[in-house]
2 protein chains.
Amino acid sequence: MKAAPTLSLLLDEQLCFALYAASRAMTSAYRPLLEALGLTYPQYLVMLVLWEQDGLTVRELGQRLQLDSGTLTPLLKRLQAAGLIDRQRRSSDEREVEIRLQPRGLALREQATPIPGCLGNRLCLSLEDVQHLRDELKRLATQLNHPSHEGN
Amino acid sequence: MKAAPTLSLLLDEQLCFALYAASRAMTSAYRPLLEALGLTYPQYLVMLVLWEQDGLTVRELGQRLQLDSGTLTPLLKRLQAAGLIDRQRRSSDEREVEIRLQPRGLALREQATPIPGCLGNRLCLSLEDVQHLRDELKRLATQLNHPSHEGN
DNA sequence: CACAATTAAATTGTGTGCAATATAATTTTT
DNA sequence: AAAAATTATATTGCACACAATTTAATTGTG
């Protein structure tokens with residue numbers, strides 16, 4: 001076990017800042033496209049999950065997106081107010097709230113289909129490079145979320 | 001010029017979600033370490049810039065971090081309230097507000113030096129891999145921020 | 001069955017991000 | 001030099017994120 005090496009405090013050398021800046025740049029790039037659908041970026045992510053699997057609970061949505069009810073509850077209320085989803089307590093377990101797509105929410109999927117390709121075009125990366133970067137980021141997130149201190 | 005290929009709408013295939021999740025995981029990993037310094041993650045980024053170059057204006061800080069005054073003004077007021085920085089209108093141009101480290105803000109640098117190494121340890125990546133990922137993310141952010149539509 | 005422990009959402013409070021607007025100082029133009 | 005345009009910051013309003021607490025429903029235990 002060796003001590004943590006002292007790395008630079010220079011902003012431009014930080015992986016964390018590159019990640020933070022790239023994530024916000026990505027959200028900004030989506031914004032004008034999603035505005036046409038009346039969605040914010042986190043709302044779009046919720047819709048992606050629901051288009052894949054409808055009828056999930058708030059908890060299950062949260063597991064998928066790594067978001068808690070403090071974030072999801074108001075977001076889902078806005079999607080409901082927009083007529084895209086419905087929120088219903090489950091009769092089998094009244095603690096759980098089931099989220100179901102409304103016709104307007106389901107129909108929105110058609111308008112969303114061109115969006116990933118549209119964004120992909122801007123990246124100037126091959127599909128393989130995008131997939132590789134995506135998988136590296138997934139591994140990074142997994143490492144950071146697990147407190148498996150000793151590894152390497 | 002070919003049409004945008006229709007890519008998947010599956011959450012787990014999206015680069016954007018991997019980026020979003022990794023960025024939040026990174027911020028969460030920093031949180032307990034920064035809490036010991038009394039800083040939030042964006043506040044830490046501001047301090048990184050000031051430790052590199054003191055006396056920048058709000059505008060210059062914003063250029064460096066890609067943040068506007070709507071975000072920075074309240075954040076800087078909190079750093080000022082914590083006694084870490086000072087905010088002063090420049091006499092040469094009264095529109096500009098100069099940010100200067102206070103002794104406590106300068107001293108905090110010592111406590112921050114082990115942090116990057118501490119986080120680096122968790123990544124289970126070689127230094128070269130971290131640098132490569134960082135540079136890929138920088139290129140990605142540059143591409144996304146520039147509307148240079150045709151490229152590749 | 002009663003009651004403690006657990007679980008799922010919702011609520012509350014703080015701190016970003018960011019668009020839009022306002023305010024004030026400086027520069028440019030006429 | 002006065003008016004118009006520009007620039008820098010601050011303010012306002014909305015939507016996340018997330019910790020901490022609350023509320024309500026369910027499960028586990030004696």
Side-chain angles (χ1 to χ4, degrees), chain A residues 16-17 20-32 34-35 38-47 56-82 85 87-99 141 144-145, chain B residues 17 20-32 34-35 38-47 56-82 85 87-99 141 145:
Chain A
C16 71
F17 176 62
Y20 169 82
S23 178
R24 288 191 298 118
M26 182 68 85
T27 302
S28 287
Y30 269 91
R31 193 170 296 115
L34 294 178
E35 200 170 357
L39 294 175
T40 65
Y41 179 70
Q43 288 169 9
Y44 169 70
L45 294 179
V46 167
M47 295 304 287
L56 294 176
T57 65
V58 174
R59 182 182 60 82
E60 290 165 330
L61 270 172
Q63 287 176 338
R64 206 86 167 69
L65 298 169
Q66 298 292 307
L67 291 171
D68 69 5
S69 71
T71 300
L72 285 175
T73 297
L75 186 158
L76 292 169
K77 283 182 177 175
R78 281 185 280 270
L79 289 180
Q80 183 180 35
I85 65 162
R87 295 158 65 246
Q88 286 273 332
R89 293 272 168 190
R90 276 206 178 145
S91 51
S92 63
D93 187 338
E94 293 271 347
R95 291 172 302 184
E96 298 183 316
V97 171
E98 189 174 287
I99 307 301
L144 290 169
N145 287 137
Chain B
F17 177 62
Y20 169 81
S23 177
R24 286 192 299 118
M26 182 68 85
T27 302
S28 288
Y30 269 91
R31 192 171 296 112
L34 294 178
E35 199 170 358
L39 293 175
T40 65
Y41 180 69
Q43 289 168 7
Y44 169 70
L45 295 179
V46 167
M47 296 303 287
L56 294 176
T57 65
V58 174
R59 182 182 60 82
E60 289 165 332
L61 271 170
Q63 287 175 340
R64 205 85 168 69
L65 298 168
Q66 298 292 308
L67 291 171
D68 68 3
S69 71
T71 300
L72 286 175
T73 297
L75 187 158
L76 293 169
K77 283 183 177 175
R78 281 186 278 271
L79 290 180
Q80 184 180 33
I85 64 163
R87 295 158 65 245
Q88 287 272 333
R89 292 273 169 190
R90 275 206 178 143
S91 51
S92 63
D93 186 337
E94 292 272 346
R95 290 171 303 182
E96 299 183 315
V97 171
E98 189 174 287
I99 307 301
N145 286 327

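All figures in this text were calculated on a predicted structure; none of them were measured in a lab. Residue numbers begin at 1 in each chain, while the letters A, B, ... track the order of the sequences.
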Task: Sequence-distant partners of B:Tyr44, ring pair (Phe, Tyr, Trp, His ring centres under 6.0 Å), two or more places apart - done: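 So B:Tyr44 forms a ring pair (Phe, Tyr, Trp, His ring centres under 6.0 Å) with B:Tyr30.
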Open item on the list: Closest-nucleotide mapping onto DNA chain C: is A:Ala25 or A:Pro74 further toward the 5' terminus? I mean the 5' end.
Closed with: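 Nearer the 5' end of the strand: A:Pro74.
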Task: Position toward the 5' end of DNA chain C (nearest nucleotide), A:Arg31 or B:Ser92 - done: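 Upstream on the strand: A:Arg31.
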Open item on the list: Within the 4.0 Å heavy-atom criterion, would you say A:Leu72 contacts the bases, only the backbone, or no part of the nucleic acid?
Closed with: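 Contact class for A:Leu72: none.
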- [ ] Using a 4.0 Å heavy-atom cut-off across all strands, classify B:Thr27 as base, sugar-phosphate, or nothing.
- [x]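 Nothing, no nucleic acid heavy atom in range.
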Can you tell me the distance, in whole Å, between the [atom1] atom of [X] and the [atom2] atom of [N]?
| X | N | atom1 | atom2 | value |
| --- | --- | --- | --- | --- |
| A:Asp93 | C:dA9 | CG | C1' | 11 Å |
| A:Leu75 | C:dA10 | CG | P | 12 Å |
| A:Ile99 | C:dA10 | CD1 | P | 7 Å |
| A:Glu96 | C:dT7 | CD | P | 13 Å |
| A:Gln43 | C:dG17 | CD | C1' | 15 Å |
| A:Arg89 | C:dA8 | CZ | P | 12 Å |
| A:Met26 | C:dC18 | CE | P | 14 Å |
| A:Leu67 | C:dT16 | CG | P | 19 Å |

Sort me out a list of protein N/O and nucleotides 20-24 of chain C N/O pairs below 3.5 Å, or just none if empty.
none

Could you list the residues that satisfy side-chain contact (heavy atoms from CB on, under 4.5 Å) with [X], not counting sequence neighbours?
| X | result |
| --- | --- |
| B:Ala21 | B:Phe17 |
| B:Arg24 | A:Gln66, A:Leu67, B:Tyr20 |
| A:Thr40 | A:Pro42, A:Gln43 |

Is the phosphate of [N] approached by [X] (side-chain N or O, under 4.0 Å from OP1 or OP2)?
| X | N | answer |
| --- | --- | --- |
| A:Arg24 | C:dC18 | yes |
| B:Lys77 | C:dT14 | no |
| B:Thr40 | C:dT14 | no |
| A:Arg87 | C:dA10 | yes |

Task: Partners passing side chain to side chain donor-acceptor pair (under 3.5 Å) against A:Arg78 (at least two apart in sequence or in another chain) - done: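 Once residues adjacent in sequence are excluded, A:Arg78 has no partner under the side chain to side chain donor-acceptor pair (under 3.5 Å) criterion.
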Task: Contacts of type side chain to side chain donor-acceptor pair (under 3.5 Å), residue A:Thr27, not counting sequence neighbours - done: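 A:Thr27 satisfies side chain to side chain donor-acceptor pair (under 3.5 Å) with no residue once adjacent residues are dropped.
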Sequence neighbours left out, what passes salt bridge (Lys or Arg N to Asp or Glu O under 4.0 Å) with [X]? Give chain and number order.
| X | answer |
| --- | --- |
| B:Asp68 | none |
| B:Arg90 | B:Glu96, B:Glu98 |
| A:Arg87 | none |

Open item on the list: Please report the end-to-end axis angle for the helix from C:dC1-D:dG30 to C:dT30-D:dA1, five pairs per end, rounded to 10 degrees.
Closed with: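 Angle reported: 10°, given to the nearest ten degrees.
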Open item on the list: To the closest 0.5 Å, what do you measure between CD1 (B:Ile99) and CD (B:Glu60)?
Closed with: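 Reported to 0.5 Å precision, the distance equals 10.5 Å.
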Task: Gap separating the OG1 atom of A:Thr71 from the CG atom of A:Leu65, nearest 0.5 angstrom - done: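 The OG1 atom of A:Thr71 sits 10.5 Å away from the CG atom of A:Leu65.
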Open item on the list: With a strict under 4.0 Å distance from non-hydrogen atoms of chain B, what nucleotide opens and what nucleotide closes the contacted stretch of DNA chain D, reading 5' to 3'?
Closed with: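 Terminal contacting nucleotides, 5' to 3': D:dT7 to D:dA19.
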Task: A:Leu76 side chain near A:Gln80 side chain, heavy-atom distance below 4.5 Å - done: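 A:Leu76 does not reach A:Gln80 side chain to side chain.
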